[in-house]
Amino acid sequence: MKLATWNVNSLKVRLPQVLDWLAANPVGALCLQELKLDHDKFPLEAFAELGYQACWAGQKTYNGVAVISKGEGLHVQRNLPEFDDHQQRIVAATLSSPIGDIRVISAYCPNGQAVGSDKYEYKLRWFAALREWLAGELKQYPRLAILGDYNVAPRDEDVHDPAKWKGGVLVSAPEREAFGALLDLGLTDAFLMFDQPEKSFSWWDYRQMAFRRNAGLRIDHVLVSDALKPFCTACIIDKEPRRNEQPSDHTPVVATLEFGSA
DNA sequence: ATGGTTGTTGAACAA
């Protein structure tokens, strides 16, 4: 069973690419971010034609998240219950698997704009609220994966030019601490469980031919709980969709779970 | 060089 995440930067524009990718890459669940679609404009039928179901939290113009899944998503939760916010950044659903229920969360963490800005303060408050909520989710659902665009590059190795980015938004110490506080709950960055190519990134700015120069950041992550971690056998970044015509600025990250047979 | 690109909504904002 594969779990994937992809910030599509407008599902309206990227829907054909997402459908093509799903047809070539069957998954148990695909978490999407930045739908930029009103809640009732979600293209459920297009996914149904490929045999997928979906849970989503849509919003006009900005944000919006979804969990596309082979099986039905149950106990759907939208947004952080204790955080008063109209921005649609979280959707959670329970999926069944051979080892029992797995809680799958699609997260679109705030960008933060610039260190010290109002949006940056909002980002840090949002991460704190996410941590509080996740602690409860983990108690209720020990087998949990939270996938999404965290807008945090956790290590200097996740930054194409650490000197240039040093202290800036997406890499600043408070943001990395907020991300680390999630891991402290008993979550592991699945990408780092395995040998990976150097300079592996998941996002490249549209400007200045950043993708061709591999001037990117690794800000999209798959976090697996301690109970799920032993079943995770691979995690890769699929750069192919970033080469598409009219691509998203992000590319998918895909984790493999294997449940064995005996 | 405070530039540059894309998406949404309709000149500005967000990323």
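The sequence lines fix the lettering, A, B, ..., with proteins before strands; numbering per chain opens at 1.
Nearer the 5' end of DNA chain B, as judged by each residue's closest nucleotide, is the contact made by Gln208(A), out of Glu34(A) and Gln208(A).
Checked against dG4(B), dA15(B), dT6(B), the side chain of Tyr206(A) finds its nearest nucleotide in dT6(B). Of the candidates dG4(B), dG7(B), dA15(B), the closest approach to any side-chain atom of Lys36(A) belongs to dG7(B). Here the side chain of Tyr108(A) is nearest to one of dA15(B), dG4(B), dT8(B), namely dA15(B). Side-chain proximity of Thr61(A) to the nucleotides dA14(B), dT8(B), dT5(B) is greatest for dT8(B).
Look at CZ on Arg89(A): it is 10 Å from C1' on dA14(B), rounded to the nearest Å. In this structure, NZ of Lys60(A) is placed 15 Å from C1' of dC13(B), rounded to the nearest angstrom. Rounding to whole angstrom units, CZ of residue Arg207(A) and C1' of dT6(B) are separated by 9 Å. Whole-Å rounding puts the Trp203(A) CH2 to dA14(B) P distance at 17 Å. Lys123(A) has its NZ atom 10 Å from the P atom of dA15(B), to the nearest Å. Counting to the nearest Å, the P atom of dG7(B) and the CG atom of Leu37(A) are 13 Å from each other. The nearest whole Å value for the distance from the CD atom in Gln246(A) to the C1' atom in dT6(B) is 9 Å. Spacing between atom OH of Tyr62(A) and atom P of dC13(B) amounts to 9 Å, rounded to whole angstrom units.
Screening residues 180-200 of chain A for ring-ring contact (aromatic ring centres under 6.0 Å, His included) gives no qualifying pairs among residues at least two apart or on separate chains.
Checked by atom type and distance alone, the side chain of Gln33(A) pairs as donor or acceptor with a backbone atom of Asn7(A) at under 3.5 Å.
In this structure, His250(A) has its ring center at least 6.0 angstrom away from the ring center of Trp6(A).
Using atom P as the reference point in both dG3(B) and dA12(B), the two lie 15 Å apart (nearest Å).
Taking a cutoff of 4.0 Å between a charged side-chain nitrogen and a carboxylate oxygen, Asp226(A) and Lys229(A) do not qualify as a salt bridge.
The two residues Ser202(A) and Val253(A) make their nearest non-hydrogen contact at CB-CG2, 4.2 Å.
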